[in-house]
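Here's the structure, in structure tokens; my notes come after.
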Amino acid sequence: VREKRLTLPPSEITML
Amino acid sequence: ATLVRVAKTASTLGIAIEGGANTRQPLPRIVTIQRGGSAHNCGQLKVGQIILEVNGVSLRGREHRDAARLIAEAFKTKDRDYVDFLVTEFNVAL
């Protein structure tokens with residue numbers, strides 16, 4: 001099975 | 001885009017950001033504004049805004065940690081008692 005990645009990964013969240 | 005000057009009126013900036021280059025959100029987006037932080041005291045930053053520049057430095061192409069470090073350093077430096085944010089309400093592909 002070939003999987004195609006359609007979206008970029010989510011980002012982490014940083015508290016500043 | 002809007003230029004927002006956040007005076008360092010509290011010991012923390014008080015924003016949470018998500019996003020950065022090579023993620024679904026290519027420019028950092030404000031996801032939280034903490035009550036009592038400098039950003040909250042300023043009253044002009046809002047959840048959902050996209051940060052385009054910090055003190056005139058573009059965040060385009062910067063990965064999340066790099067963008068976060070730039071913002072943290074802008075807040076930490078004693079060179080100036082404010083941080084300038086160029087923000088937009090729109091998730092523009094720049």
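Order of the sequence lines fixes the chain letters, A, B, ..., with proteins taken first and strands second; residue numbering starts at 1 for each chain.
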**Request:** Report whether B/F85 and B/V57 are members of the same hydrophobic cluster (ILVMFWY, side-chain heavy atoms less than 4.5 Å apart, transitive linking).
**Result:** yes
**Prompt:** Are there residues of residues 66-77 of chain B that reach to under 4.5 Å of chain A by heavy atoms, and which ones?
**Reply:** B/A68, B/I71, B/A72
**Message:** Tell me whether A/S11 contacts the main-chain N or O of B/G19 through its side chain, where contact means a donor paired with an acceptor under 3.5 Å.
**Reply:** yes
**Min side-chain heavy-atom separation A/I13-B/I17 under 4.5 Å** = no
**ILVMFWY cluster, B/V47 and B/L86 together (side-chain gap under 4.5 Å)** = yes
**Prompt:** Do you know the tightest heavy-atom contact between B/T23 and A/L8?
**Reply:** O-CD1, 3.2 Å
**Fill in**
To the nearest 0.5 Å, atom OG1 of A/T14 lies from atom CD of B/E18 at 10.5 Å
**Fill in**
Interface check, chain A: of B/T12, B/L13, B/V31, most non-hydrogen pairs under 4.5 Å belong to B/L13
**Request:** Flag yes if B/L3 and B/I33 sit in one hydrophobic cluster, no otherwise; membership is Ile, Leu, Val, Met, Phe, Trp, Tyr, and two members link when side-chain heavy atoms are under 4.5 Å apart.
**Result:** yes
